[in-house]
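First up is the structure itself, then whatever we jot down about it.
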Number of protein chains: 2
Amino acid sequence: MPVCAPQMRSKLARCAYKLFAKKGIRSVNLDEVAAAAGVTKGSFYWHYKSKKELLHAACAYYYRRWRQRARTEIARDDDPLKQLERVLRFSVQSCLFDRESRVFTTEVFALSLQDKEIRAGWAQFYDTVRELFVGLVQAACDNDQLQVVDPRRAVDWMLATIEGIKQRAAFEPEICTPDQREATVQGLLRIVGLIDAPT
Amino acid sequence: MPVCAPQMRSKLARCAYKLFAKKGIRSVNLDEVAAAAGVTKGSFYWHYKSKKELLHAACAYYYRRWRQRARTEIARDDDPLKQLERVLRFSVQSCLFDRESRVFTTEVFALSLQDKEIRAGWAQFYDTVRELFVGLVQAACDNDQLQVVDPRRAVDWMLATIEGIKQRAAFEPEICTPDQREATVQGLLRIVGLIDAPT
DNA sequence: CACGTTCCATACTGTCCGGTATGGTAAATG
DNA sequence: CATTTACCATACCGGACAGTATGGAACGTG
(Lines give C-alpha, C1' and ligand atoms only; values in the text may rest on other atoms or scores of the structure.)
Protein backbone atom coordinates (compact mmCIF):
# COMPACT_ATOMS: atom_id res chain seq x y z
CA MET A 1 0.00 0.00 0.00
CA PRO A 2 1.52 3.25 -1.12
CA VAL A 3 2.21 5.83 1.50
CA CYS A 4 2.62 9.27 0.03
CA ALA A 5 -0.15 11.04 1.85
CA PRO A 6 2.13 13.47 3.68
CA GLN A 7 3.55 14.80 0.43
CA MET A 8 0.18 15.36 -1.18
CA ARG A 9 -1.27 16.78 1.98
CA SER A 10 1.40 19.43 2.24
CA LYS A 11 1.32 20.02 -1.49
CA LEU A 12 -2.36 20.80 -1.22
CA ALA A 13 -1.65 23.21 1.61
CA ARG A 14 1.05 24.90 -0.44
CA CYS A 15 -1.14 25.21 -3.51
CA ALA A 16 -4.00 26.45 -1.38
CA TYR A 17 -1.77 29.14 0.08
CA LYS A 18 -0.68 30.22 -3.38
CA LEU A 19 -4.24 30.45 -4.66
CA PHE A 20 -5.62 32.05 -1.52
CA ALA A 21 -2.85 34.62 -1.61
CA LYS A 22 -3.51 35.41 -5.24
CA LYS A 23 -7.29 35.51 -5.50
CA GLY A 24 -8.48 35.75 -1.94
CA ILE A 25 -9.67 32.85 0.14
CA ARG A 26 -13.40 33.12 -0.46
CA SER A 27 -13.05 33.22 -4.23
CA VAL A 28 -11.01 30.05 -4.45
CA ASN A 29 -12.96 26.81 -4.61
CA LEU A 30 -11.73 23.36 -3.79
CA ASP A 31 -11.76 22.18 -7.40
CA GLU A 32 -9.12 24.78 -8.18
CA VAL A 33 -6.98 23.82 -5.23
CA ALA A 34 -7.19 20.15 -6.11
CA ALA A 35 -6.42 20.86 -9.75
CA ALA A 36 -3.40 22.98 -8.82
CA ALA A 37 -2.07 20.03 -6.83
CA GLY A 38 -2.76 17.67 -9.72
CA VAL A 39 -5.68 15.78 -8.19
CA THR A 40 -9.44 16.15 -8.01
CA LYS A 41 -11.81 17.17 -5.30
CA GLY A 42 -12.66 13.59 -4.47
CA SER A 43 -9.14 12.86 -3.39
CA PHE A 44 -8.79 16.22 -1.75
CA TYR A 45 -11.34 15.06 0.76
CA TRP A 46 -9.23 12.07 1.50
CA HIS A 47 -6.52 14.40 2.82
CA TYR A 48 -8.63 17.11 4.43
CA LYS A 49 -12.02 16.90 5.95
CA SER A 50 -13.13 20.42 5.06
CA LYS A 51 -12.11 23.69 3.48
CA LYS A 52 -11.56 25.11 6.92
CA GLU A 53 -9.04 22.44 7.77
CA LEU A 54 -7.25 23.29 4.55
CA LEU A 55 -7.20 26.94 5.51
CA HIS A 56 -5.60 26.04 8.81
CA ALA A 57 -2.96 24.09 6.97
CA ALA A 58 -2.35 27.00 4.62
CA CYS A 59 -1.97 29.32 7.61
CA ALA A 60 0.43 26.94 9.27
CA TYR A 61 2.42 26.86 6.04
CA TYR A 62 2.57 30.64 5.95
CA TYR A 63 3.49 30.95 9.63
CA ARG A 64 6.19 28.33 9.41
CA ARG A 65 7.72 29.93 6.36
CA TRP A 66 7.78 33.36 7.99
CA ARG A 67 9.60 32.05 11.02
CA GLN A 68 12.07 30.18 8.86
CA ARG A 69 12.91 33.27 6.86
CA ALA A 70 13.27 35.35 9.98
CA ARG A 71 15.67 32.78 11.43
CA THR A 72 17.66 32.82 8.22
CA GLU A 73 17.99 36.59 8.40
CA ILE A 74 19.13 36.40 12.01
CA ALA A 75 21.71 33.78 11.19
CA ARG A 76 23.33 36.10 8.68
CA ASP A 77 24.74 38.35 11.38
CA ASP A 78 26.20 38.19 14.87
CA ASP A 79 25.58 41.74 15.94
CA PRO A 80 22.23 42.01 17.81
CA LEU A 81 21.28 45.40 16.39
CA LYS A 82 22.11 44.25 12.87
CA GLN A 83 20.01 41.18 13.44
CA LEU A 84 17.10 43.33 14.50
CA GLU A 85 17.59 45.52 11.48
CA ARG A 86 17.68 42.51 9.17
CA VAL A 87 14.45 41.05 10.46
CA LEU A 88 12.84 44.46 10.28
CA ARG A 89 14.01 44.88 6.72
CA PHE A 90 12.63 41.49 5.83
CA SER A 91 9.28 42.38 7.41
CA VAL A 92 9.05 45.71 5.65
CA GLN A 93 10.11 44.08 2.42
CA SER A 94 7.20 41.66 2.68
CA CYS A 95 4.76 44.46 3.35
CA LEU A 96 5.91 46.62 0.50
CA PHE A 97 6.72 44.14 -2.22
CA ASP A 98 4.97 40.86 -1.54
CA ARG A 99 1.43 41.34 -2.68
CA GLU A 100 0.55 37.71 -2.11
CA SER A 101 1.55 37.87 1.51
CA ARG A 102 -0.51 41.03 1.91
CA VAL A 103 -3.60 39.45 0.41
CA PHE A 104 -3.28 36.29 2.43
CA THR A 105 -2.73 37.94 5.78
CA THR A 106 -5.49 40.45 5.14
CA GLU A 107 -7.96 37.72 4.30
CA VAL A 108 -6.96 35.60 7.25
CA PHE A 109 -7.28 38.57 9.54
CA ALA A 110 -10.74 39.38 8.19
CA LEU A 111 -11.84 35.80 8.70
CA SER A 112 -10.34 35.71 12.15
CA LEU A 113 -12.85 38.31 13.27
CA GLN A 114 -15.62 35.78 12.71
CA ASP A 115 -13.86 32.52 13.53
CA LYS A 116 -12.44 31.72 16.91
CA GLU A 117 -9.96 29.08 15.75
CA ILE A 118 -8.51 31.18 12.97
CA ARG A 119 -8.17 33.98 15.45
CA ALA A 120 -6.42 31.76 17.96
CA GLY A 121 -3.93 30.61 15.35
CA TRP A 122 -3.20 34.15 14.25
CA ALA A 123 -2.88 35.38 17.82
CA GLN A 124 -0.40 32.65 18.55
CA PHE A 125 1.63 33.55 15.49
CA TYR A 126 1.59 37.19 16.51
CA ASP A 127 2.91 36.17 19.90
CA THR A 128 5.85 34.27 18.50
CA VAL A 129 6.69 37.18 16.22
CA ARG A 130 6.52 39.57 19.12
CA GLU A 131 8.70 37.39 21.32
CA LEU A 132 11.20 37.13 18.52
CA PHE A 133 11.42 40.90 18.20
CA VAL A 134 11.46 41.40 21.94
CA GLY A 135 14.38 39.02 22.16
CA LEU A 136 16.28 40.95 19.51
CA VAL A 137 15.59 44.31 21.13
CA GLN A 138 16.59 42.93 24.49
CA ALA A 139 19.83 41.60 23.07
CA ALA A 140 20.60 44.94 21.47
CA CYS A 141 19.97 46.62 24.82
CA ASP A 142 22.22 44.19 26.66
CA ASN A 143 24.81 45.04 24.06
CA ASP A 144 24.41 48.78 24.76
CA GLN A 145 23.26 49.46 21.22
CA LEU A 146 19.76 50.48 22.23
CA GLN A 147 18.07 51.89 25.31
CA VAL A 148 14.60 50.62 25.75
CA VAL A 149 12.85 50.48 29.09
CA ASP A 150 9.93 48.30 28.06
CA PRO A 151 10.87 46.20 25.04
CA ARG A 152 7.51 44.48 24.76
CA ARG A 153 5.66 47.74 24.65
CA ALA A 154 8.06 49.18 22.13
CA VAL A 155 7.76 46.11 19.93
CA ASP A 156 3.98 46.27 20.05
CA TRP A 157 4.09 49.79 18.70
CA MET A 158 6.53 48.83 16.05
CA LEU A 159 4.47 45.88 14.90
CA ALA A 160 1.35 48.02 14.82
CA THR A 161 3.08 50.46 12.54
CA ILE A 162 4.28 47.66 10.29
CA GLU A 163 0.74 46.40 9.90
CA GLY A 164 -0.42 49.86 8.99
CA ILE A 165 2.32 50.22 6.43
CA LYS A 166 1.22 46.98 4.88
CA GLN A 167 -2.21 48.44 4.38
CA ARG A 168 -0.93 51.63 2.87
CA ALA A 169 1.27 49.70 0.49
CA ALA A 170 -1.85 48.14 -1.00
CA PHE A 171 -3.12 51.56 -2.06
CA GLU A 172 0.01 53.52 -2.68
CA PRO A 173 2.39 51.55 -4.85
CA GLU A 174 4.57 54.63 -5.00
CA ILE A 175 5.79 53.95 -1.47
CA CYS A 176 7.07 50.56 -2.56
CA THR A 177 10.68 51.40 -3.37
CA PRO A 178 13.94 50.24 -1.86
CA ASP A 179 14.62 53.77 -0.61
CA GLN A 180 11.30 53.88 1.14
CA ARG A 181 12.04 50.49 2.60
CA GLU A 182 15.25 51.71 4.20
CA ALA A 183 13.62 54.88 5.45
CA THR A 184 10.88 52.76 6.93
CA VAL A 185 13.30 50.45 8.70
CA GLN A 186 15.09 53.40 10.23
CA GLY A 187 11.84 55.03 11.23
CA LEU A 188 10.74 51.83 12.92
CA LEU A 189 13.97 51.65 14.86
CA ARG A 190 13.37 55.18 15.99
CA ILE A 191 9.88 54.23 17.15
CA VAL A 192 11.35 51.42 19.21
CA GLY A 193 13.65 53.81 20.97
CA LEU A 194 11.10 56.54 21.34
CA ILE A 195 7.93 55.02 22.42
CA ASP A 196 8.79 53.63 25.78
CA ALA A 197 9.44 56.95 27.38
CA PRO A 198 7.15 57.26 30.41
CA THR A 199 3.75 58.64 29.59
CA MET B 1 -47.42 58.98 -7.00
CA PRO B 2 -45.59 58.56 -3.70
CA VAL B 3 -42.01 59.68 -3.53
CA CYS B 4 -40.19 58.23 -0.54
CA ALA B 5 -37.46 56.41 -2.35
CA PRO B 6 -34.61 58.49 -0.90
CA GLN B 7 -35.59 57.61 2.67
CA MET B 8 -35.80 53.90 2.03
CA ARG B 9 -32.66 53.94 -0.03
CA SER B 10 -30.61 55.45 2.75
CA LYS B 11 -32.35 53.30 5.33
CA LEU B 12 -31.25 50.23 3.41
CA ALA B 13 -27.70 51.55 3.33
CA ARG B 14 -27.79 52.19 7.06
CA CYS B 15 -29.17 48.75 7.85
CA ALA B 16 -26.66 47.17 5.51
CA TYR B 17 -23.84 48.92 7.31
CA LYS B 18 -25.11 47.70 10.66
CA LEU B 19 -25.38 44.13 9.49
CA PHE B 20 -22.11 44.15 7.55
CA ALA B 21 -20.36 45.57 10.59
CA LYS B 22 -21.81 42.94 12.86
CA LYS B 23 -21.55 39.74 10.86
CA GLY B 24 -19.15 40.54 8.09
CA ILE B 25 -20.12 41.49 4.57
CA ARG B 26 -19.92 38.09 2.94
CA SER B 27 -22.13 36.42 5.51
CA VAL B 28 -24.98 38.88 5.17
CA ASN B 29 -27.52 38.18 2.45
CA LEU B 30 -29.91 40.59 0.86
CA ASP B 31 -32.97 39.06 2.46
CA GLU B 32 -31.58 40.03 5.84
CA VAL B 33 -30.79 43.55 4.78
CA ALA B 34 -34.23 44.02 3.29
CA ALA B 35 -35.90 42.56 6.36
CA ALA B 36 -33.90 44.85 8.64
CA ALA B 37 -35.20 47.80 6.67
CA GLY B 38 -38.73 46.46 6.82
CA VAL B 39 -39.09 45.45 3.20
CA THR B 40 -38.37 42.39 1.08
CA LYS B 41 -35.74 41.57 -1.47
CA GLY B 42 -38.07 42.35 -4.33
CA SER B 43 -38.32 45.97 -3.34
CA PHE B 44 -34.67 46.10 -2.42
CA TYR B 45 -33.91 45.66 -6.08
CA TRP B 46 -36.05 48.61 -6.88
CA HIS B 47 -33.63 50.81 -4.90
CA TYR B 48 -30.34 49.15 -5.71
CA LYS B 49 -29.31 47.25 -8.75
CA SER B 50 -26.89 44.87 -6.99
CA LYS B 51 -25.30 43.93 -3.72
CA LYS B 52 -22.18 45.75 -4.79
CA GLU B 53 -24.03 49.00 -5.24
CA LEU B 54 -25.41 48.53 -1.75
CA LEU B 55 -21.92 48.00 -0.41
CA HIS B 56 -20.82 51.25 -1.98
CA ALA B 57 -23.71 53.00 -0.30
CA ALA B 58 -22.82 51.42 3.04
CA CYS B 59 -19.22 52.58 2.63
CA ALA B 60 -20.36 56.08 1.77
CA TYR B 61 -22.50 56.04 4.89
CA TYR B 62 -19.53 55.01 7.02
CA TYR B 63 -17.19 57.54 5.45
CA ARG B 64 -19.65 60.36 5.82
CA ARG B 65 -20.32 59.55 9.45
CA TRP B 66 -16.64 59.42 10.26
CA ARG B 67 -16.04 62.84 8.78
CA GLN B 68 -19.04 64.25 10.60
CA ARG B 69 -17.83 62.97 13.93
CA ALA B 70 -14.35 64.26 13.31
CA ARG B 71 -15.75 67.69 12.51
CA THR B 72 -17.80 67.60 15.68
CA GLU B 73 -14.70 66.85 17.72
CA ILE B 74 -12.81 69.68 16.09
CA ALA B 75 -15.62 72.10 16.74
CA ARG B 76 -15.40 71.42 20.46
CA ASP B 77 -12.13 73.27 20.80
CA ASP B 78 -10.32 76.28 19.44
CA ASP B 79 -6.79 75.32 20.26
CA PRO B 80 -5.17 73.52 17.28
CA LEU B 81 -3.21 71.04 19.35
CA LYS B 82 -6.29 70.22 21.43
CA GLN B 83 -8.24 69.71 18.22
CA LEU B 84 -5.62 67.29 16.96
CA GLU B 85 -5.71 65.49 20.27
CA ARG B 86 -9.48 65.25 20.15
CA VAL B 87 -9.60 63.76 16.69
CA LEU B 88 -6.84 61.38 17.65
CA ARG B 89 -8.72 60.34 20.74
CA PHE B 90 -11.82 59.77 18.70
CA SER B 91 -9.88 57.64 16.22
CA VAL B 92 -8.24 55.56 18.90
CA GLN B 93 -11.54 55.23 20.68
CA SER B 94 -13.06 53.73 17.54
CA CYS B 95 -10.21 51.31 17.13
CA LEU B 96 -10.27 50.11 20.71
CA PHE B 97 -13.95 50.08 21.57
CA ASP B 98 -16.01 50.01 18.41
CA ARG B 99 -15.98 46.44 17.27
CA GLU B 100 -18.47 47.12 14.50
CA SER B 101 -16.29 49.74 12.95
CA ARG B 102 -13.34 47.35 13.12
CA VAL B 103 -15.23 44.58 11.41
CA PHE B 104 -16.59 46.80 8.69
CA THR B 105 -13.33 48.49 7.81
CA THR B 106 -11.47 45.22 7.89
CA GLU B 107 -13.91 43.59 5.52
CA VAL B 108 -13.96 46.54 3.18
CA PHE B 109 -10.20 46.60 3.13
CA ALA B 110 -10.04 42.90 2.34
CA LEU B 111 -12.52 43.32 -0.49
CA SER B 112 -10.68 46.34 -1.77
CA LEU B 113 -7.72 44.15 -2.60
CA GLN B 114 -9.84 42.37 -5.19
CA ASP B 115 -12.11 45.15 -6.37
CA LYS B 116 -10.88 48.29 -8.03
CA GLU B 117 -13.90 50.45 -7.25
CA ILE B 118 -14.00 49.57 -3.57
CA ARG B 119 -10.30 50.30 -3.45
CA ALA B 120 -10.76 53.67 -5.12
CA GLY B 121 -13.43 54.66 -2.63
CA TRP B 122 -11.31 53.62 0.32
CA ALA B 123 -8.24 55.36 -1.04
CA GLN B 124 -10.21 58.56 -1.46
CA PHE B 125 -11.49 58.33 2.10
CA TYR B 126 -7.97 57.75 3.36
CA ASP B 127 -6.88 60.87 1.51
CA THR B 128 -9.49 63.05 3.12
CA VAL B 129 -8.59 61.68 6.54
CA ARG B 130 -4.95 62.34 5.90
CA GLU B 131 -5.58 65.88 4.71
CA LEU B 132 -7.68 66.51 7.77
CA PHE B 133 -4.86 65.40 10.05
CA VAL B 134 -2.25 67.23 8.05
CA GLY B 135 -4.28 70.39 8.40
CA LEU B 136 -4.48 69.96 12.16
CA VAL B 137 -0.77 69.25 12.49
CA GLN B 138 0.03 72.21 10.30
CA ALA B 139 -2.16 74.47 12.39
CA ALA B 140 -0.51 73.25 15.57
CA CYS B 141 2.88 73.98 14.01
CA ASP B 142 1.83 77.47 12.96
CA ASN B 143 0.74 77.95 16.52
CA ASP B 144 4.17 76.88 17.80
CA GLN B 145 2.72 73.93 19.66
CA LEU B 146 4.44 71.35 17.51
CA GLN B 147 7.54 71.19 15.35
CA VAL B 148 7.10 69.00 12.36
CA VAL B 149 9.13 69.38 9.20
CA ASP B 150 7.05 67.15 6.96
CA PRO B 151 3.48 66.93 8.29
CA ARG B 152 2.23 64.63 5.57
CA ARG B 153 4.95 62.12 6.26
CA ALA B 154 4.37 62.32 9.97
CA VAL B 155 0.65 61.83 9.55
CA ASP B 156 1.20 58.83 7.32
CA TRP B 157 3.21 57.16 10.06
CA MET B 158 0.64 58.03 12.63
CA LEU B 159 -2.21 56.66 10.58
CA ALA B 160 -0.28 53.49 9.91
CA THR B 161 0.18 52.97 13.63
CA ILE B 162 -3.50 53.59 14.26
CA GLU B 163 -4.43 50.92 11.73
CA GLY B 164 -2.09 48.50 13.42
CA ILE B 165 -3.57 49.25 16.80
CA LYS B 166 -6.99 48.53 15.41
CA GLN B 167 -5.78 45.08 14.43
CA ARG B 168 -4.24 44.38 17.80
CA ALA B 169 -7.39 45.48 19.56
CA ALA B 170 -9.24 42.67 17.83
CA PHE B 171 -7.00 40.10 19.49
CA GLU B 172 -6.07 41.70 22.75
CA PRO B 173 -9.15 43.05 24.47
CA GLU B 174 -6.97 43.80 27.46
CA ILE B 175 -5.54 46.82 25.66
CA CYS B 176 -9.02 48.28 25.32
CA THR B 177 -9.15 50.48 28.39
CA PRO B 178 -9.48 54.25 28.78
CA ASP B 179 -5.97 54.40 30.24
CA GLN B 180 -4.56 52.62 27.26
CA ARG B 181 -6.47 54.96 25.03
CA GLU B 182 -4.86 58.00 26.58
CA ALA B 183 -1.43 56.42 26.50
CA THR B 184 -1.99 55.61 22.86
CA VAL B 185 -3.02 59.14 22.00
CA GLN B 186 0.09 60.52 23.67
CA GLY B 187 2.27 57.95 21.97
CA LEU B 188 0.82 58.89 18.61
CA LEU B 189 1.53 62.55 19.23
CA ARG B 190 5.07 61.63 20.02
CA ILE B 191 5.32 59.70 16.77
CA VAL B 192 4.16 62.76 14.88
CA GLY B 193 6.90 64.84 16.41
CA LEU B 194 9.56 62.21 16.09
CA ILE B 195 9.28 60.63 12.77
CA ASP B 196 10.11 63.47 10.49
CA ALA B 197 13.64 63.82 11.68
CA PRO B 198 15.91 63.52 8.65
CA THR B 199 16.83 59.96 7.82
C1' DC C 1 -62.46 57.99 -13.42
C1' DA C 2 -58.93 56.08 -16.31
C1' DC C 3 -54.14 55.68 -16.40
C1' DG C 4 -49.39 55.94 -15.47
C1' DT C 5 -45.87 55.88 -11.91
C1' DT C 6 -43.91 54.63 -7.49
C1' DC C 7 -43.01 51.32 -4.33
C1' DC C 8 -43.55 46.88 -2.50
C1' DA C 9 -44.48 41.52 -2.08
C1' DT C 10 -44.41 36.69 -3.67
C1' DA C 11 -42.53 33.26 -6.02
C1' DC C 12 -39.30 31.58 -8.93
C1' DT C 13 -34.70 30.58 -11.51
C1' DG C 14 -30.02 29.60 -12.14
C1' DT C 15 -25.58 29.01 -10.46
C1' DC C 16 -21.91 28.22 -7.56
C1' DC C 17 -19.75 25.19 -4.55
C1' DG C 18 -18.90 22.52 -0.26
C1' DG C 19 -19.48 18.06 0.69
C1' DT C 20 -20.69 12.90 -0.29
C1' DA C 21 -21.36 8.34 -2.44
C1' DT C 22 -19.20 5.10 -4.89
C1' DG C 23 -16.09 2.68 -7.49
C1' DG C 24 -11.43 1.84 -9.44
C1' DT C 25 -6.30 0.87 -9.31
C1' DA C 26 -1.83 -0.05 -7.47
C1' DA C 27 1.00 -1.68 -3.94
C1' DA C 28 1.88 -4.23 0.29
C1' DT C 29 0.77 -8.44 3.08
C1' DG C 30 -0.34 -13.09 4.52
C1' DC D 1 -3.02 -15.24 -5.36
C1' DA D 2 -6.51 -13.19 -2.49
C1' DT D 3 -7.31 -9.44 0.28
C1' DT D 4 -6.64 -5.28 2.46
C1' DT D 5 -5.26 -0.55 2.47
C1' DA D 6 -3.90 3.93 0.42
C1' DC D 7 -4.99 7.00 -2.83
C1' DC D 8 -7.52 8.88 -6.54
C1' DA D 9 -11.54 9.84 -10.07
C1' DT D 10 -16.39 10.50 -11.51
C1' DA D 11 -20.72 11.74 -10.66
C1' DC D 12 -23.95 13.51 -7.92
C1' DC D 13 -26.61 16.13 -4.07
C1' DG D 14 -28.45 19.94 -1.68
C1' DG D 15 -28.30 24.34 0.29
C1' DA D 16 -27.42 29.13 -0.01
C1' DC D 17 -28.24 33.13 -2.35
C1' DA D 18 -27.94 36.86 -6.04
C1' DG D 19 -30.91 38.25 -9.21
C1' DT D 20 -35.62 38.17 -12.00
C1' DA D 21 -40.50 37.88 -13.32
C1' DT D 22 -44.70 39.29 -12.23
C1' DG D 23 -48.47 41.25 -10.05
C1' DG D 24 -50.68 44.39 -6.81
C1' DA D 25 -51.73 48.61 -4.03
C1' DA D 26 -51.48 53.57 -3.37
C1' DC D 27 -51.26 57.90 -5.21
C1' DG D 28 -50.89 61.68 -8.43
C1' DT D 29 -52.44 63.48 -13.06
C1' DG D 30 -55.08 64.38 -17.30
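Quick caveat, the model's predicted, so the values are computed rather than measured. Proteins come first, then strands; the chains are lettered A, B, ... in the order of their sequence lines, and each starts at number 1.
Between B:Phe44 atom CZ and D:dT20 atom P the separation is 11 Å, expressed in whole Å. Taking atom NZ on A:Lys11 and atom P on D:dC7, their separation rounds to 14 Å, with Å as the unit. Distance CZ (A:Arg9) to C1' (D:dC8): 17 Å, rounded to an integer number of Å.
Atom CD of A:Gln145 has more than 12 heavy atoms from other residues, nucleotides or ligands within 6.0 Å.
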List the atom pairs, with distances to 0.1 Å, where a side-chain N or O of residues 86-105 of chain A and a protein N or O form a donor-acceptor pair under 3.5 Å, not counting sequence neighbours.
from, atom 1, to, atom 2, distance (Å)
A:Arg86, NE, A:Asp77, OD2, 3.1
A:Arg89, NE, A:Glu182, OE1, 3.4
A:Arg89, NE, A:Glu182, OE2, 2.7
A:Arg89, NH2, A:Glu85, OE2, 3.2
A:Arg89, NH2, A:Glu182, OE1, 3.2
A:Ser91, OG, A:Val87, O, 2.9
A:Gln93, OE1, A:Arg181, NH1, 2.4
A:Ser94, OG, A:Phe90, O, 3.1
A:Asp98, OD1, A:Glu100, N, 3.2
A:Asp98, OD1, A:Ser101, N, 3.1
A:Arg102, NH1, A:Cys95, O, 2.7
A:Arg102, NH1, A:Leu96, O, 3.2
A:Thr105, OG1, A:Ser101, O, 2.9
A:Thr105, OG1, A:Arg102, O, 3.1
A:Thr105, OG1, A:Lys166, NZ, 3.0

Acceptor/donor pairs from residues 56-63 of chain B side chains to any protein atom, 3.5 angstrom cut, sequence neighbours excluded:
from, atom 1, to, atom 2, distance (Å)
B:His56, ND1, B:Lys52, O, 3.1

Protein-nucleic acid N or O pairs under 3.5 Å, nucleotides 17-19 of chain D:
from, atom 1, to, atom 2, distance (Å)
D:dC17, OP2, B:Asn29, ND2, 3.0
D:dA18, OP1, B:Lys51, NZ, 3.2
D:dA18, OP2, B:Leu30, N, 2.9
D:dA18, N7, B:Lys41, NZ, 3.1
D:dG19, OP2, B:Tyr45, OH, 3.1
D:dG19, OP2, B:Lys51, N, 3.0
D:dG19, O5', B:Tyr45, OH, 3.4
D:dG19, N7, B:Lys41, NZ, 3.3
D:dG19, O6, B:Lys41, NZ, 2.8

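The side chain of B:Trp46 has C:dT6 as its nearest neighbour among D:dA9, D:dA6, C:dT6.
For B:Glu53, the salt bridge (Lys or Arg N to Asp or Glu O under 4.0 Å) partners two or more places apart in sequence, or in a different chain, are B:Arg9, B:Lys49. Shown here are the salt bridge (Lys or Arg N to Asp or Glu O under 4.0 Å) partners of A:Asp79, two or more places apart in sequence or in another chain: there are none. The salt bridge (Lys or Arg N to Asp or Glu O under 4.0 Å) check on A:Lys41 picks up A:Asp31, with sequence neighbours excluded.
Within the structure, a side-chain polar atom (N or O) of A:His47 is placed less than 4.0 Å from OP1 or OP2 of D:dC8. Distances shorter than 4.0 Å separate none of the side-chain N or O atoms of B:Thr40 from OP1 or OP2 on C:dC8.
Heavy-atom distances to DNA chain C give each of A:Gly42 and B:Ser43 a nearest nucleotide, and the one nearer the 5′ end belongs to B:Ser43.
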